[in-house]
2 protein chains.
Amino acid sequence: MTQKQSYTEAARSFGHLLRSPYEKLSRRIYGELAQRGFPEIRFSHSSLLRTIAPEGSRLTDLAQQAGITKQSMAYIVSDLQDSGYVTHRPDPADGRAKLVCLTQRGEHLMATMIEISQGIADEINRTCGKDFLERLKSQLAKLDQALN
Amino acid sequence: MTQKQSYTEAARSFGHLLRSPYEKLSRRIYGELAQRGFPEIRFSHSSLLRTIAPEGSRLTDLAQQAGITKQSMAYIVSDLQDSGYVTHRPDPADGRAKLVCLTQRGEHLMATMIEISQGIADEINRTCGKDFLERLKSQLAKLDQALN
DNA sequence: GTATTTAGTCAGTCTGTCTGACTATAGTCA
DNA sequence: TGACTATAGTCAGACAGACTGACTAAATAC
């Protein structure tokens, strides 16, 4: 086995194993969202959807939590606003700031994402064994800690 | 706990746990490559680097294996060619085709990536326990299968 | 009251993906 | 053998999503 062959095997063994299930989960979730009436939702939207607070969030906070610039987050906010998932309202605590808030459609989207995620989790546990995901999550959290 | 709060917790528990270590590993690997004399290498290059065969590969095969269009792969090949990591030569079996081959610099890059990956794997096993990665890989492979 | 910092917007740039169209070559079939 | 279809790679343009610098209005610090 040549050195080059052992490289592709080494790479595939881990980087691939982390990326592939993630990509498959993404495709499943966005595919099912499209089928359930949310065809506009894309991967980039997750940087806002996974961090927005129930009471609304500031653009700069969303950007910082997602690790992107406020201009990039503004682009995503604009897109979700055009599709009716979020809206703006002034932040009473700061005349400069606006709060990005979920609309009713946005809240419905969130509820649907939870439902889809739960369904996938149940399916995985049925296929891979009881509490498989809990144990996997525990190991991934340990890995995540070790990589800091 | 509101429904919206439970969403972010559910999402963070898994999607986040798959993405975060992957992003950290990527930053580590590309950071160390830059320090070791390969500053041009970026994440997008991995779609070629992880699949190119030791004897060279056709553009269309690389594209298919990576799941992107041949035009996108051509864009990546061009970038790596400009930086001296790959070169073209005609495919003797087909007058239309060219083989994308690693240069000496490209092979050195590959060897360095293996070294860096091995070092990270050893460090993870030291931190998380003997054979931690083997057991984690096994579970991730199981998950990957379950998601097909 | 002045200087500095912050929130958000605007415009432009870059990367990396896509599509359609094209030319040259290969394969198939009658 | 010629006509037709398919394939390999290139070209040009479009788009999504990331970035930077500059700007205005509001907040904060002194």
Side-chain angles (χ1 to χ4, degrees), chain A residues 19 22-23 26-27 30 33-34 38-53 55-83 85-101, chain B residues 19 22-23 26-27 30 33-34 38-53 55-83 85-101:
Chain A
R19 182 182 51 246
Y22 184 73
E23 284 174 352
S26 292
R27 279 199 294 273
Y30 297 111
L33 281 176
F38 304 101
E40 306 97 342
I41 301 301
R42 300 194 296 278
F43 174 77
S44 59
H45 297 144
S46 68
S47 59
L48 180 149
L49 295 175
R50 70 176 179 261
T51 54
I52 192 168
E55 71 278 12
S57 296
R58 291 181 177 186
L59 180 81
T60 48
D61 290 336
L62 291 168
Q64 188 192 26
Q65 284 151 4
I68 62 177
T69 66
K70 56 194 180 184
Q71 295 91 330
S72 295
M73 184 54 72
Y75 173 87
I76 291 168
V77 167
S78 173
D79 202 38
L80 286 170
Q81 195 167 4
D82 289 347
S83 303
Y85 294 101
V86 301
T87 188
H88 271 134
R89 64 179 175 78
D91 185 340
D94 189 325
R96 297 167 298 180
K98 291 175 182 171
L99 289 175
V100 181
C101 303
Chain B
R19 183 182 52 246
Y22 184 73
E23 284 173 352
S26 292
R27 282 200 292 273
Y30 296 111
L33 282 175
F38 304 101
E40 307 97 342
I41 301 301
R42 299 193 297 277
F43 174 78
S44 58
H45 296 145
S46 68
S47 60
L48 179 149
L49 295 174
R50 68 175 180 261
T51 54
I52 192 167
E55 72 278 11
S57 296
R58 289 181 179 187
L59 180 82
T60 48
D61 290 335
L62 290 170
Q64 190 191 22
Q65 284 152 3
I68 62 179
T69 66
K70 56 194 179 187
Q71 296 91 332
S72 295
M73 183 55 71
Y75 173 88
I76 291 169
V77 167
S78 173
D79 203 39
L80 286 170
Q81 195 167 4
D82 288 347
S83 304
Y85 294 100
V86 301
T87 188
H88 271 133
R89 63 177 175 80
D91 185 339
D94 190 325
R96 298 168 296 184
K98 289 176 184 170
L99 290 174
V100 180
C101 303

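Every heavy atom of this structure was used, including side-chain atoms; hydrogens, water molecules and symmetry mates were not. Proteins get letters first, then strands, A, B, ... in listed order; numbering begins at 1 in each.
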Quiz item: Among the nucleotides C/dG16, D/dA18, C/dA7, which one has an atom lying closest to any side-chain atom of A/Arg96?
Solution: C/dA7
Quiz prompt | Of the listed nucleotides C/dA26, D/dA27, C/dG8, the one nearest the side chain of A/Asp94 | solution = D/dA27
Quiz item: Given atom NZ of A/Lys98 and atom C1' of D/dA25, what is their separation to the nearest angstrom?
Solution: 12 Å
Quiz item: Is it true that B/Lys98 and B/Asp91 make a salt bridge, defined as a side-chain N closer than 4.0 Å to a carboxylate O?
Solution: no
Quiz prompt | Pairwise side-chain contact, B/Asp94 with B/Arg58, heavy-atom cut-off 4.5 Å (strictly under) | solution = yes
Quiz item: Per the atom types in the model, does the base of C/dG12 pair as donor or acceptor with the side chain of A/Gln71 at under 3.5 Å?
Solution: no
Quiz item: Quick one: which of D/dT10, C/dA7, C/dG8 gets closest to the side chain of A/Leu59?
Solution: C/dG8
Self-check item: Given DNA chain D, 5'-ward residue of the pair A/Gly95 and B/Ala97, judged by closest heavy atom
Solution: B/Ala97
Quiz prompt | Proximal nucleotide (of D/dA18, C/dG16, D/dA8) relative to the B/Asp79 side chain | solution = C/dG16
Quiz item: What's the NE2-P distance between A/His88 and C/dA7, to the nearest Å?
Solution: 14 Å
Quiz item: What integer distance in Å separates A/Phe43:CZ from D/dA18:C1'?
Solution: 13 Å
Quiz item: Just by distance, do the side chain of B/Thr69 and the backbone of B/Ser72 share a donor-acceptor pair under 3.5 Å?
Solution: yes
Self-check item: Pairwise distance CG(B/Leu33) to NE2(B/His45) - rounded to 0.5 angstrom
Solution: 11.5 Å
Self-check item: Stretch residues 61-70 of chain A: residues that reach within less than 4.0 Å of DNA chain C through a heavy atom
Solution: A/Lys70
Exercise. To the nearest 0.5 Å, tell me how far A/Tyr30 OH sits from A/Phe38 CZ.
Key: 13.5 Å
Quiz item: Over how many whole Å does the gap from A/Arg58 atom CZ to D/dA27 atom C1' extend?
Solution: 10 Å
Quiz item: In Å, rounded to the nearest 0.5 Å, how long is the span from CG of A/Asp61 to CG of A/Leu99?
Solution: 9.0 Å
Exercise. Specify the separation, in whole Å, of atom CG of B/Asp82 and atom P of C/dT15.
Key: 11 Å
Quiz item: Going by heavy atoms in the side chains, are B/Ile41 and B/Leu80 under 4.5 Å from each other?
Solution: yes
Quiz item: Given atom CE of B/Met73 and atom P of C/dG16, what is their separation to the nearest angstrom?
Solution: 12 Å
Quiz item: Just how far, in rounded Å, is P of C/dA26 from CG of B/Asp91?
Solution: 10 Å
Practice problem: May I have the distance from A/Glu40 (atom CD) to D/dA16 (atom P), rounded to whole angstrom? | Solution: 13 Å
Practice problem: Determine the contact category for B/Ser72: base if any of its heavy atoms lies under 4.0 Å from a base atom, sugar-phosphate if only primed atoms, P, OP1 or OP2 are that close, otherwise nothing. | Solution: base
Quiz prompt | Short side-chain N/O contact to C/dT6 OP1/OP2 from A/Thr60, under 4.0 Å | solution = no
Quiz item: Which nucleotide in the set C/dA7, D/dA18, D/dA16 lies at the smallest distance from any side-chain heavy atom of A/Tyr75?
Solution: D/dA16
Self-check item: Spatial distance of atom CG (A/Leu59) from atom CD (A/Gln64) [nearest 0.5 Å]
Solution: 11.5 Å
Quiz item: Can you find a side chain N or O atom of A/Arg42 that sits less than 4.0 Å from OP1 or OP2 on D/dG17?
Solution: yes
